[in-house]
Amino acid sequence: MKSHKQTPTSIVVFGATGDLAKRKLFPAFFNLFLEGWMPEDFTIFSLGRKEHTDETFGEYILENIHNFSRNHDFSEAQWSQFREKIRYVPFDIKNDQSFYSLKKELDEYDSEIAHRTDRIFYLSIAPNFIENVSNNLKKYELVKDRIKDRIIIEKPFGYDKASAIHLNNLLSNNFEENQIYRIDHYLGKETVQNILAFRFANIMFEPLWNNKYIDSIQITVAEKVGVEERGSYYDGAGALRDMIQNHLMQILCMVAMEPPSVFKSSEIRNKKADVLKSVRRIHVEDIEHYTVRAQYTQGRIDGHDKVGYLEEPGVNPGSKTETFVAMKFYIDNERWNGVPFYMRTGKSMAAKQSSVVISFKEVPDDTFRNNKSMLSPNKLTINIQPEMDIKLSFMAKKPGLNMKLKPVDMVFDFFECSPNTPEAYETLLLDVLEGDPTLFMRSDQVEEAWDVISNIQEAWERFDIAKMQTYPAGSWGPEASDELLKRQGHYWISNSEIN
Ligand SMILES: NC(=O)C1=CN([C@@H]2O[C@H](COP(=O)(O)OP(=O)(O)OC[C@H]3O[C@@H](n4cnc5c(N)ncnc54)[C@H](OP(=O)(O)O)[C@@H]3O)[C@@H](O)[C@H]2O)C=CC1
Ligand SMILES: O=C1O[C@H](COP(=O)(O)O)[C@@H](O)[C@H](O)[C@H]1O
């Protein structure tokens with residue numbers, strides 16, 4: 001349960017001049033401020049190399065709030081109160097002196113307000129800086145209090161299982177696990193959190209949530225955008241690392257986990273980790289059968305020509321990095337034995353669509369056996385974005401004098417009940433302020449998720465198994481992705497069928 005936290009807090013944003021801070025973090029802090037969720041006393045120490053004064057940095061933040069915030073309804077007075085809370089600190093991570101000066105600045109702030117503030121360090125910087133920053137936060141005693149001081153780590157968390165273990169070890173040398181907040185912003189999305197409420201606060205669905213009634217489950221996170229300005233990062237990552245290892249695996253955990261005995265972070269995180277442990281590892285020799293990888297080629301999206309991946313700025317023209325992945329998993333436990341879980345994600349696709357579709361089994365072949373061709377199995381669709389709804393498709397009688405059947409939908413729409421839902425980063429930042437780690441990834445979850453995909457990484461990258469397919473920008477991916485499902489009598493359900 002969220003409360004209005006009153007503990008004075010120093011928020012330190014490393015990478016405050018970067019893309020993530022501009023589009024997500026500062027608009028999120030401002031919205032929390034406008035809605036009364038920020039502590040009464042707080043300062044955002046904004047660190048970057050670019051030249052700024054408090055004045056010019058404030059102007060830059062205001063411009064970004066106008067461009068990227070969901071909320072434009074604020075007064076000048078509200079902005080100037082928030083503006084007072086932001087200090088720009090020129091900072092070079094490579095220079096130890098910067099850490100020393102930062103420590104002085106934080107201590108001075110504590111003296112100013114006569115309180116040892118809670119300290120939150122947001123590492124919105126390239127992954128190769130994490131080691132240095134983490135060590136120096138400890139060395140210069142910026143992080144000292146095991147309860148009050150927290151560190152937020154952005155994705156990607158490692159490059160593979162070994163590097164994630166290395167990073168976890170490094171962090172645990174410097175901090176307690178309860179101080180470390182590993183962000184996966186999908187977990188902050190309202191519709192993703194609602195999966196738990198839907199499953200565990202209703203009696204109707206959970207009894208059916210197993211292999212006796214469910215035929216297959218598919219998770220799609222399709223994006224219309226290409227790699228945009230992040231070509232050089234993306235080319236070193238690819239869709240498997242950038243999306244499957246984290247966002248799609250986390251959605252999978254929410255859908256497949258066992259009921260937690262109580263709504264408590266340790267309990268929920270344990271149950272999620274259990275799912276990942278039970279995901280069947282795909283043997284290298286089966287990778288071709290279970291996975292599809294592809295790159296987009298030139299095409300058209302919304303009437304505009306789009307370049308192919310290999311022509312994108314920052315991308316190696318001979319790159320073998322995938323921009324699309326489709327795959328099939330099984331979860332080897334009593335609940336899910338035999339149910340295929342399909343996942344797909346891609347850039348430059350036909351539509352933006354994040355959804356989970358639960359397809360139920362057919363009804364037994366008795367009452368309506370003479371009308372069998374009219375029957376379609378029940379389907380539950382959880383639309384995560386851009387539509388935010390839950391839709392249950394079931395059979396009903398067609399109005400008329402004879403018994404004809406047709407599928408109909410019952411829809412719960414998030415927008416209708418709350419048109420101004422918080423952004424994922426607002427939810428997650430508030431959780432850090434309140435010290436609630438439920439929606440963050442624990443070290444074992446991250447390592448387990450890497451483990452799930454490690455054979456795929458090896459098969460693709462080391463042994464070049466599973467041919468790189470192509471798909472035109474603006475399509476739903478390569479044919480091989482449809483084939484993957486067709487083999488088991490399934491098909492992908494895309495926006496046009498869902499909405
Ligand atoms: N952008 C996004 O949409 C997403 C980003 N992330 C992750 O967030 C993190 C930040 O990404 P993003 O904002 O895109 O990156 P950017 O490249 O846009 O920004 C990097 C930031 O790091 C700062 N920086 C670089 N070198 C130094 C240095 N030596 N000393 C001090 N500061 C330095 C830059 O400061 P300056 O500009 O002043 O030089 C800048 O503020 C990354 O880990 C990324 O993977 C995760 C999900 C989405
Ligand atoms: O983490 C990432 O997520 C975004 C997609 O996030 P969304 O909230 O817009 O769905 C993705 O574009 C990016 O490549 C990835 O790093």
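Atoms within a ligand are numbered from 1 in the order they appear, just like the ligands themselves. Below, each value reflects all heavy atoms present in this structure, side chains not excepted, and no hydrogens, waters or symmetry copies.
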Exercise for the section: Decide whether the shortest distance between a heavy atom of Arg23 and an atom of ligand 1 is less than 4.0 Å. Expected result: yes
Practice task
Mark the output for Phe129 as yes if a heavy-atom distance to ligand 1 is under 4.0 Å, and as no if none is.
Solution key: yes
Between [X] and [Y], do the side chains contain an N or O donor and an N or O acceptor separated by less than 3.5 Å?
X	Y	result
Tyr88	Thr56	no
Glu312	Tyr234	no
Thr43	Tyr109	yes
Asp92	Ser98	no

Exercise for the section: Quick one: look at Lys22 and ligand 1, take heavy-atom pairs under 4.0 Å, and tell me if it's side chain, backbone, both or neither. Expected result: neither
For [atom], tell me which residue out of [options] has the closest non-hydrogen atom.
atom	options	value
atom 35 (O) of ligand 1	Thr17, Ile183, Leu123, Ile153	Thr17
atom 48 (C) of ligand 1	Arg230, Glu51, His247	Arg230
atom 20 (C) of ligand 1	Gly18, Ala21, Gly48	Gly18

Exercise for the section: Can you confirm whether something in the protein, heavy atoms only, sits under 4.0 Å from atom 17 (O) of ligand 1? Expected result: no
Exercise for the section: Flag the pair Ile219 / Thr345 as yes when at least one side-chain heavy-atom distance between them is below 4.5 Å, and no otherwise. Expected result: no
Problem - Neighbour list for ligand 2 [protein residues, heavy atom under 4.0 Å] - result: Lys155, His185, Tyr186, Lys189, Glu223, Arg230, Asp242, Met243, His247, Lys347, Lys352, Gln385
Practice task
Would you name the heavy atoms of Leu47 and Val12 that are closest together and state the gap between them?
Solution key: CD2-CG1, 3.7 Å
Exercise for the section: Using a strict 4.0 Å threshold on nitrogen-to-oxygen distance, state whether Glu176 and Lys144 make a salt bridge. Expected result: no
